[in-house]
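Because the structure is predicted, anything quoted here is derived from the model rather than measured.
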Amino acid sequence: MIYKTKGTCSTQIELELEGTEHIIRNVKFTNGCNGNLQGISKLVEGMKAEDAIDRLRGIKCGFKNTSCPDQLSYALEEAIKQAV
């Protein structure tokens with residue numbers, strides 16, 4: 001699925017969920033802080049989406065009300081809804 005981010009330097013997140021346990025696969029951010037976003041992608045791959053959402057939701061970037069990890073939590077939530 002492709003999720004269009006809001007309020008971040010990255011403009012979209014592409015990801016896949018696998019199976020009924022919603023295991024995260026193939027996370028790719030477009031734009032943003034390349035090294036950090038590659039790191040986040042590698043860290044969450046293989047995790048259950050629900051666990052990643054719990055860890056990432058609410059993280060802020062500087063004075064922004066959101067961040068790339070926070071936006072990833074919303075992308076994962078949307079992917080779960082689409083998988084049902």
### Contact check, side chains of C61 and Q71, non-hydrogen atoms, under 4.5 Å
no
Output all residues satisfying side chain to side chain donor-acceptor pair (under 3.5 Å) with [X], sequence neighbours left out; order by chain, then residue number.
X   : answer
E18 : R25
T11 : N31
N26 : E16

Name every donor-acceptor pair, under 3.5 Å, that has one atom in a side chain of residues 72-84 and the other anywhere in the protein, sequence neighbours excluded.
from	atom 1	to	atom 2	distance (Å)
S73	OG	R57	NE	2.7
S73	OG	R57	NH2	3.4
S73	OG	D70	O	2.5

### Summary
So the salt bridge (Lys or Arg N to Asp or Glu O under 4.0 Å) pairs with at least one residue in residues 3-14 (sequence neighbours excluded) are none
Check residues 35-43 and write down every donor-acceptor pair under 3.5 Å in which the side-chain atom is one partner and the other belongs to a residue at least two apart or another chain.
from	atom 1	to	atom 2	distance (Å)
Q38	NE2	N34	OD1	3.1
S41	OG	V27	O	3.4
S41	OG	L37	O	2.8

Atom pair [atom1]/[atom2] of [X] and [Y] - distance to nearest 0.5 Å:
X   : Y   : atom1 : atom2 : result
Q12 : Y3  : CD    : OH    : 12.0 Å
I2  : T30 : CD1   : OG1   : 8.0 Å
I53 : H22 : CD1   : NE2   : 9.5 Å
E21 : E50 : CD    : CD    : 9.0 Å

### Query
Would you say L17 and I23 are hydrophobically clustered, going by side-chain heavy atoms of ILVMFWY under 4.5 Å?
no
### Query
So, T8 side chain and S10 main chain: donor-acceptor pair closer than 3.5 Å or not?
yes
